[in-house]
Amino acid sequence: MGVRGRKPERKGGRGIRKPRSRKRWIIGIAASVVVLLVAGAGAIYLKLNANIATFDSAGLSKNRPAAAKADANGDKAVNVLLIGSDTRAGENGKLGGSKAGPIGRSDTTILLHVYPDHKHAVGVSIPRDSLVDIPPCLLPDGKWSADQPAAMFNSAFSMGNTEKGNPACTQNTIEKLSGLRVDHTMVIDFAGFASMTSAVHGVEVCVPNNIYQGDMNPNLGHKGKVVLKAGMQNLQGQQALDYVRVRHGVGDNSDVGRMLRQQAFLSALISKVKGQGMNPTTLLPLANAATKSLTVDPGLGSALKLMNFGLSLKNIDLKNIQFITAPWKYAGSRIDLVHPDVDNLFAELRADRTLEGVNASGKTAPTPTPSAAVDGTGIMVSVYNGTYTGGLAAKAADLLKAHNFTVMNSTNAKTKDHTVTRIEYGTGADAKAHADTVAKLFPGAQLVQLDTTGVNVVLGTDYVAAAAKSGTPGATPNPSATDLSKQARSADADPCSKLSYG
């Protein structure tokens, strides 16, 4: 991000400040809430419009998930990627406690899924040390990087080794991981976070135990004075920043544990903003601070666009705003995302089901076409599991056999990163017709013509969710809703609950 107060360039956008810690995502959602509350206020609109900075989206992947389709009322799901910048440029160095480094870094990322019904939203936090597949990304010299399997997630933002970071690369990585198309991306920094908390006159949060100077700075060499006292505290500015950044001296001293406190802080901040109402006198400083802290994609590069997005959140009750960390486990000094749990989580979001398994698409699901109408007599099919969900190929094979298809093979695919089911067919006279028949059992599958014999079904993670939704025989039921809802935190939860692991 550039220096605060500088207007965005017309072309290419302003450079993004080095990603801060997880604070960024906190600011991102709060900024959205703020914007929705100030809609219609002309003076505020002009201020917001002058503050906004954008980044160049030329680096977005050409191979992206399909965009969500709007219903008859124009409603559709919206996915917003919130990136926390760890830059120490400008006043961020004083707030962050160190000088700026040479490369933009991202320590916090959250994918916010706003459901089509405009009454539910889920934010999924991705641990920065997660090992993921980083797809090709555009570099400063105009070339594209090679695919990087099993790379550390936050290294995506550092691709190209520039001070402004690479938000497009992080977006590409999230889209490949989740199978969800990211509609908008926001990058936020320390100074903006501190300013926002001051603009609302502080946020009430729960400090689980006394936090000392030595906890904030492990290199201090001694315990030092109390920085934050245990109990409910109203925090703003530097103290608020300290709360969401502290890792040592609380819970298991981990980065992932710190994310839980950030989710709690964000919940409290959203509650505070919504509780203040639509009072321009109080909202103007908050809106001003929020937009100054943001660098956004061109699709959100005006106050009107930001406000339109914000308005989509105005009818969401606190209890229906949830946060969850992508299922994870330690892998030495890094973190592995747990499959198939993380696949099931994103499948639920793609199907517009809440973490409790409730349909939040805003419409009644259509009655599925009776599967008995599908007759696969004489059609040869091979089934490949392209996901981490064990036994999926066997279940799909049973489904095909139940409709008289001849299943030649049932095994794993070469790769496990398929989010959308593919139906591959050859060039023979009846090949396309056979593929169309198979596709009736796999709604939403992509049909691809290849030099092959028979029909191949490569299962993606959408198969689990789509099959469970339609009640198709042989499908894996939705196993994750109960566990996911237990792991999640709603914005109206007890402020002293789920503040760390350990």
Side-chain angles (χ1 to χ4, degrees), residues 63-66 68 77 79 81 109-113 115 122-127 130-135 147 149-151 153 172-182 256 322-331 334-357 383-396 399 410-422 442-446 457-470 472 474-488:
N63 183 24
R64 305 178 62 191
N79 298 299
L81 181 61
T109 305
I110 186 166
L111 179 63
L112 176 67
H113 180 75
Y115 290 85
V122 170
V124 182
S125 298
I126 311 296
S130 302
L131 298 177
V132 299
D133 184 3
I134 297 179
D147 187 273
F153 174 71
N172 294 342
T173 303
I174 284 289
E175 288 188 336
K176 184 164 187 178
L177 172 66
S178 68
L180 290 161
R181 187 183 183 95
V182 174
V256 184
Q322 294 181 297
F323 301 100
I324 188 170
T325 302
W328 62 279
K329 64 180 180 180
Y330 284 114
R334 300 296 179 230
I335 287 174
D336 277 339
L337 297 180
V338 178
H339 300 279
D341 296 16
V342 70
D343 305 306
N344 292 336
L345 168 59
F346 288 125
E348 291 298 287
L349 301 189
R350 291 196 302 272
D352 288 320
R353 282 193 296 272
T354 69
L355 301 184
E356 292 80 17
V383 184
Y384 301 93
N385 184 1
T387 79
Y388 288 92
T389 301
L392 202 60
K395 293 175 182 177
L399 172 63
S410 175
T411 187
N412 291 322
K414 291 182 179 180
T415 61
K416 297 286 189 177
D417 60 354
H418 293 267
T419 56
V420 178
T421 297
R422 289 166 53 102
F442 302 91
Q446 297 177 342
V457 176
V458 183
L459 298 169
T461 52
D462 62 337
Y463 173 63
V464 176
K469 185 175 181 180
S470 63
T472 303
T476 303
N478 172 17
S480 57
T482 301
D483 290 339
L484 291 176
S485 64
K486 289 180 179 178
Q487 297 170 29

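All residue numbers refer to positions in the sequence shown, counting from 1. Just so you know, these numbers come straight off a predicted model, no measurement behind them.
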A.B. asks: Could you give me the CA-CA distance, side-chain angles and deciding distance for Ile174 and Phe153, then say whether side-chain contact (heavy atoms from CB on, under 4.5 Å) is met?
C.D. replies: CA-CA 9 Å; Ile174 284 289; Phe153 174 71; 3.8 Å; yes
A.B. asks: Does the side chain of Tyr463 reach to within under 4.5 Å of the side chain of Val458, using non-hydrogen atoms?
C.D. replies: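 When only atoms from C-beta onward are counted, Val458 and Tyr463 do not touch, as no gap falls below 4.5 Å.
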A.B. asks: When you look at Asp147 and Lys176, which way does the side-chain contact (heavy atoms from CB on, under 4.5 Å) test go after all the steps?
C.D. replies: CA-CA 11 Å; Asp147 187 273; Lys176 184 164 187 178; 3.2 Å; yes
A.B. asks: For Pro127 versus Val256, what's the shortest heavy-atom pair and its separation?
C.D. replies: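 Residues Pro127 and Val256, closest heavy atoms: CB-CG2, 4.2 Å.
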A.B. asks: With rounding to the nearest 0.5 angstrom, report the CG to CG distance, Leu349 to Leu111.
C.D. replies: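 If I round to the nearest 0.5 Å, the distance is 7.5 Å.
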A.B. asks: Do the side chain of Lys416 and the main chain of Gly386 share a donor and acceptor less than 3.5 angstrom apart?
C.D. replies: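 Checked: no pair found.
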A.B. asks: What are the two closest heavy atoms between Leu459 and Ala396, and how far apart are they?
C.D. replies: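 The pair with the smallest heavy-atom distance is CD1-CB, 3.7 Å.
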A.B. asks: For Ile134 and Ala151, work out which heavy atoms get closest and say how close.
C.D. replies: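 Shortest heavy-atom contact: CD1-CB, 3.7 Å.
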A.B. asks: When you check the side-chain N and O atoms of Thr419 and Arg350, is any donor under 3.5 Å from an acceptor?
C.D. replies: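 Not at all, the side chains of Thr419 and Arg350 share no donor-acceptor pair under 3.5 Å.
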A.B. asks: Could you pull out the closest heavy-atom pair between Arg64 and Val182, with the gap in Å?
C.D. replies: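 Scanning both residues, the minimum pair turns out to be NH2-O, 2.9 Å.
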A.B. asks: Does any N or O in the side chain of Arg181 come within less than 3.5 Å of the main-chain N or O of Pro65, such that one atom is a donor and the other an acceptor?
C.D. replies: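 Flag set: sc Arg181 to bb Pro65 pair under 3.5 Å.
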A.B. asks: Do Asp336 and Ser130 come within less than 4.5 Å of each other through their side chains, counting heavy atoms only?
C.D. replies: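 No, their side chains stay 4.5 Å or more apart.
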A.B. asks: To the nearest 0.5 Å, how far apart are CG in Asn385 and CG in Leu392?
C.D. replies: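 Answer rounded to 0.5 Å: 5.0 Å.
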A.B. asks: If you measure from CG on Asn344 to OG1 on Thr461, what distance do you get to the nearest 0.5 Å?
C.D. replies: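 It comes to 8.5 Å.
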A.B. asks: Does some side-chain heavy atom of Leu337 sit less than 4.5 Å from a side-chain heavy atom of Leu177?
C.D. replies: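 Answer yes - side chains close enough.
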A.B. asks: Looking only at atom types and distance, does a side-chain atom of Tyr115 sit under 3.5 Å from a main-chain N or O of Arg353, one as donor and one as acceptor?
C.D. replies: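 Looks like yes, one N/O pair under 3.5 Å.
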A.B. asks: Nearest 0.5 angstrom please: Thr173 OG1 to Leu81 CG, how far?
C.D. replies: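 One gets 9.5 Å once the value is rounded to the nearest 0.5 Å.
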A.B. asks: Any salt bridge linking Lys329 with Asp341? Criterion: basic side-chain nitrogen under 4.0 Å from a carboxylate oxygen.
C.D. replies: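 No, Lys329 and Asp341 are not salt-bridged.
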A.B. asks: With rounding to the nearest 0.5 angstrom, report the CG to OG distance, Leu355 to Ser485.
C.D. replies: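 Here the interatomic distance stands at 7.0 Å.
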A.B. asks: For Gln487 and Pro327, work out which heavy atoms get closest and say how close.
C.D. replies: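 That closest heavy-atom pairing would be OE1-CG, 4.5 Å.
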A.B. asks: Which atoms form the tightest heavy-atom contact between Ile335 and Tyr330, and what is the distance?
C.D. replies: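 Result for this residue pair: CG1-CD2, 4.2 Å.
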A.B. asks: Main chain of Gly460, side chain of Thr421: is a donor-acceptor contact present, judged purely on distance under 3.5 Å?
C.D. replies: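 The answer is yes, because a donor-acceptor pair under 3.5 Å joins these two groups.
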A.B. asks: Working to the nearest 0.5 Å, report the span between CH2 of Trp328 and CG of Leu131.
C.D. replies: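 Here the rounded value is 13.0 Å.
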A.B. asks: Do the side chains of Val124 and His113 get nearer than 4.5 Å, heavy atoms only?
C.D. replies: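 The answer is no; the side chains never approach within 4.5 Å.
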